[in-house]
Amino acid sequence: MAGFASLSASSGLAAVGRSAIDTGTAAHPIRSRRNPHWKCEAANGIARPMHDIAYIRANPEAFDAALKRRGEKPVSHLVLERDSERRRIIQEVEGLRSEKKRLSGCFGQLASLGQGHTEEAMGFKIESIEIAKKLSVAEIELEKLDNLEDLLARLPNIPADDVPDGADEEDNVEVAVWGEKREFAFEPREHADIGPALGMDFETGAALSGARFTFLRGDIARLHRALAQFMLDKQTRENGYTECNPPVLVNNEAMYATDKLPKFAEDSFFGASERSRAQLFWEAMPTDFEEQMAQTEKGQFKDKMNAFFEAAPTKEDFWLIPTSEVPLTASVAGQIVDEPVEPIRLTAHTLCFRSEAGSAGRDTRGFIRQHQFEKVEMVSICRPEDSEAEHERMTACAEGILQALGLPYRKVLLCTGDMGFGAKKTYDLEVWLPGQGAYREISSCSNTGDFQARRMNARYKPEGEKKTRFVHTLNGSGLAVGRTLVAVMENYQQEDGSVTVPEALAPYMGGVEKLMPCP
RNA sequence: GGAGAGGUGGCAGAGUGGUCGAAUGCGCUGCACUCGAAAUGCAGUAUACGGGCAACCGUAUCGAGGGUUCGAAUCCCUCCCUCUCCGCCA
C-alpha cells in the first residue's frame with residue numbers, strides 16, 4: 001500500500017501546521033471547485049455539515065446563548081443572513097435550470113422530427129445558450145455562499161442544560177468519588193521513576209522515535225497487554241459491546257464525521273504517498289497562482305509557498321486515528337440503520353496517534369502523554385430518547401474497569417469550557433495517582449447528541465414514521481491502556497520498586513504476580 | 001504491482017445522446033375478489049434541498065469529480081471502489 005509505505009518517508013508523515021487551519025476560512029484563497037478541501041461534499045451521500053439550520057432560524061437567540069456558554073461569539077445573525085441569501089440564489093438557479101431544461105426539450109422535440117435547423121428550433125437553441133450564461137453566473141454566486149457550511153462546521157456542539165458553565169477545568173464539578181486511597185508506609189514514587197527498572201524504557205523510545213515515545217520490555221509489556229485484554233473482555237462479555245477491529249488509518253470523511261476535522265487537524269498525524277502529495281499540492285494551487293507569485297516580493301517567496309503547501313487539501317490522505325471513536329462511530333456514516341431499540345454498542349482496542357501540538361511542555365516526562373498509545377474505546381449509536389441513559393450506562397462501564405482493578409478514582413462532570421468540541425455533555429474519570437499525589441484523567445465519556453450524526457448523515461427510521469431521524473452517538477474510553485498501566489504501577493508499587501499485579505489480571509499474566517525491578 | 005470485467009432505485013436487472021428518476025421482475029403498502037388465506041387483478045412504493053397552510057410544484061441525484069453538447073445514465077478525461085486472474089507479501 002503506497003500510503004503506508006510512505007509513512008516512513010520524511011515528507012510523508014506530518015503533523016499539520018496551525019496555519020493550515022487558520023487559512024481554511026471563508027476568505028481561503030485556495031478553495032475552489034476542484035478543491036473541496038476537507039469539507040465533505042454532500043454529493044457522496046455521506047457528508048454534510050453541521051448544526052440544524054432550521055433550529056437556528058427558529059431560535060437564533062437561544063443558539064447564540066448556547067454558544068456564549070462555550071465562549072463562542074454570537075453568529076446567528078451572520079448565519080441567517082447568509083442562509084436567506086443562499087435560498088434566494090437557490091431559487092434563482094433552479095428557476096434558470098428549469099427554463100433551460102424546458103427550452104432544450106423544445107429543441108429536442110423539433111430535432112427529433114428532423115426540424116433541427118428551422119428558425120424556430122434555432123430560436124430555442126440560442127435562447128437556451130443565453131440562459132446557460134446567466135445560470136453559470138448564478139451558480140458561481142451560489143458556490144461562494146458555500147462557506148456557510150464552513151462556518152457551521154467550525155462551531156462546537158451546544159451544551160446540555162445540566163452542564164455547568166465554566167471557563168476551564170477549575171470549574172468542573174466532582175460528582176462521585178470511589179475507592180480508598182491506599183496508605184503507604186513509604187513515600188510513593190511516580191511511575192516515571194520506578195518504570196525504567198521495570199522495563200519501561202524512555203531512552204530507547206526517544207532514540208527510535210523521539211520525545212513522547214516509549215519502549216516497553218519484559219513483564220511490563222505483558223502487563224500492558226493484559227490490561228487491554230482484560231478491558232476488552234469486560235466490555236464484550238459483561239457489558240454487551242460488540243468487539244471490532246477497525247482500520248487505524250482513515251480518510252477525511254471519517255475524521256470529519258467525528259468532528260476531528262476541520263478544527264483539530266493540528267493534533268493529528270497523517271500519511272500520504274509522495275505521488276499524492278504532489279497531486280494535492282497541484283490541486284491546491286489557486287487558479288491565479290502565477291499572478292500571485294509574480295506579485296510576491298523578494299524574501300516573501302518562501303512564506304507564500306509555505307502557505308500553499310500547508311493549505312493543500314488532504315483529500316486522498318490517510319489520517320492516523322486519534323481514537324477508535326473515529327472508525328467505530330463513522331462505521332454508520334451515511335446509513336439508515338434499523339431502529340436501534342437496543343443501542344448499537346461497539347468496542348475496539350486500537351493504537352491511537354496524537355500530535356498534541358498544543359500541549360507542549362505538559363507531561364513531557366513519563367508515560368502519561370504519548371504520541372502513540374493504546375485505548376479500549378466504547379461507542380454507542382442510539383435513539384435520541386435513549387442517549388442520556390446510555391451516557392450514564394457507558395460511564396458506569398468505564399468505572400467498572402477501575403473498580404475491578406481496585407483503582408481509586410473520581411467522576412467529574414465537565415463544565416462548558418472544558419468539554420470537547422463535539423460533546424453535549426461529558427464525564428471524565430480521574431484515577432488517583434499516589435506518586436503524583438493527584439487525580440489524572442483516564443477516561444472521558446461523551447454524549448454528542450446528533451452532532452456527529454448530522455455531520456455524517458447517520459439516521460434511522462422510527463417504527464411507523466415516514467421521516468428519518470438522526471441517531472445519537474456516544475463515545476467513551478474504557479479505558480486508556482497506557483494511563484491505566486501508570487495507575488497500576490503507582491497504586492500497586494512496593495517499597496523495593498516492584499509492582500504487584502492486580503488480582504483481576506491474573507488470568508492474563510501467565511503466573512506473573514509481581515513485576516520485579518532489575519537492579 | 002500487471003491484465004481484464006464491472007459499479008443503475010430495498011434487491012435483481014434493462015437501458016449507448018432527446019419528455020429517463022429511469023423498462024421489467026422480486027419485495028413492500030393499499031384496494032378488489034374471498035368466510036378467511038393463497039392465487040389473481042388494480043393502484044402505489046427513493047432521497048435531499050428550495051417554494052407553498054396544504055394539495056402540490058421546482059431542482060438535484062444512475063460510484064465521485066471535471067469536460068463535450070441546445071440536451072448526458074448513455075460520449076471523453078481523472079479519481080475511488082468491487083470482482084476475476086497473475087505477481088509479491090505478514
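In what follows, chains carry the letters A, B, and so on, assigned in the order in which the sequence lines appear, proteins first and then strands, with residues in each chain numbered from 1.
In terms of position on RNA chain B, the residue among Lys101(A) and Gly105(A) whose nearest nucleotide sits closer to the 5' end is Gly105(A). In this structure, Lys100(A) and Ala111(A) both approach RNA chain B, and ranking their closest nucleotides by distance from the 5' end singles out Ala111(A).
Residue Gln91(A) places no side-chain atom within donor-acceptor reach of the base of U59(B), judged by atom type and a 3.5 Å distance cut-off alone. One can find a donor-acceptor pair under 3.5 Å joining the base of G58(B) and the side-chain atoms of Glu94(A).
With a 4.5 Å cut-off on side-chain heavy atoms, Leu346(A) and Met378(A) do not count as touching. Side-chain contact between Pro384(A) and Tyr460(A): present, with at least one pair of heavy atoms (C-beta onward) separated by less than 4.5 Å.
Searching all strands for a Watson-Crick or G-U wobble partner of A90(B) with both distances below 3.5 Å returns nothing. Base pairing of U16(B) is not made with any nucleotide, judged by Watson-Crick or G-U wobble geometry with both donor-acceptor distances under 3.5 Å. A 3.5 Å limit on both hydrogen-bonding distances identifies no Watson-Crick or G-U partner for A73(B). The partner of A54(B) is absent, by the rule that a Watson-Crick or G-U pair needs both atom distances under 3.5 Å. Within the shown strands, nothing qualifies as a pairing partner of G9(B) under the Watson-Crick or G-U definition with both distances less than 3.5 Å. Across all strands shown, U45(B) forms a Watson-Crick or G-U wobble pair with G27(B), both key distances being under 3.5 Å. Nucleotide U84(B) has A3(B) as its partner under the Watson-Crick or G-U criteria, with both atom distances under 3.5 Å. Across all strands shown, A32(B) pairs with U40(B); the Watson-Crick or G-U wobble distances both stay below 3.5 Å.
Atom NE2 of His117(A) and atom C1' of C70(B) are 12 Å apart (whole Å). The distance from atom CD of Glu92(A) to atom P of A60(B) is 15 Å, rounded to the nearest whole Å. Atom C1' of nucleotide C70(B) and atom CZ of Arg97(A) are separated by 17 Å, given to the nearest angstrom. Atoms CZ (Arg86(A)) and C1' (G51(B)) sit 13 Å apart, rounded to a whole Å.
Checking G50(B), U59(B), G18(B) against the side-chain heavy atoms of Ser104(A) singles out G18(B) as nearest. When each of C49(B), U19(B), C70(B) is scored by its nearest atom to the side-chain atoms of Gln109(A), the top-ranked nucleotide is U19(B). Comparing atom distances between the Arg87(A) side chain and each of A48(B), G18(B), G50(B) picks out G50(B) as nearest.
Between G63(B) and A73(B), the distance separating the two C1' atoms is 12 Å to the nearest Å. G65(B) and C80(B) are spaced 10 Å apart, taking the C1' atom of each and rounding to whole Å. Using C1' as the reference atom, C11(B) and G4(B) are 27 Å apart when rounded to the nearest Å. G1(B) and C88(B) have their P atoms separated by 15 Å, given to the nearest Å. For the C1' atoms, the distance linking G6(B) with A12(B) amounts to 16 Å, nearest Å. Separating the P atom of U82(B) from that of C89(B) is a span of 23 Å, rounded to the nearest Å. To the nearest whole angstrom, the two C1' atoms, one in U34(B) and one in C28(B), are 22 Å apart. A48(B) sits 16 Å from C62(B) when the C1' atoms are compared, rounded to a whole Å.
Side chain of Asn59(A) to main chain of Tyr55(A): a donor-acceptor pair is present (N/O by atom type, distance under 3.5 Å, no hydrogens or angles). Checked by atom type and distance alone, the side chain of Thr448(A) pairs as donor or acceptor with a backbone atom of Thr473(A) at under 3.5 Å. A donor-acceptor contact shorter than 3.5 Å links the side chain of Thr347(A) to the backbone of Glu377(A).
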Exercise for the section: Just do the side chain to side chain contact (heavy atoms under 4.5 Å, CB included) check on Met200(A) and Leu198(A) with the steps written out, would you? Expected result: CA-CA 6 Å; Met200(A) 182 174 266; Leu198(A) 297 167; 5.6 Å; no

Practice task
Please step through ring-ring contact (aromatic ring centres under 6.0 Å, His included) for the pair Phe213(A) and His371(A), ending with a clear verdict.
Solution key: CA-CA 6 Å; Phe213(A) 286 93; His371(A) 285 317; 5.4 Å; yes

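Note on Arg459(A): a side-chain N or O is less than 4.0 Å away from OP1 or OP2 of A48(B).
Among the heavy atoms of the strands, none lies under 4.0 Å from Ala121(A). Across all strands shown, Phe107(A) has heavy atoms under 4.0 Å from base atoms, whether or not it also approaches the sugar-phosphate.
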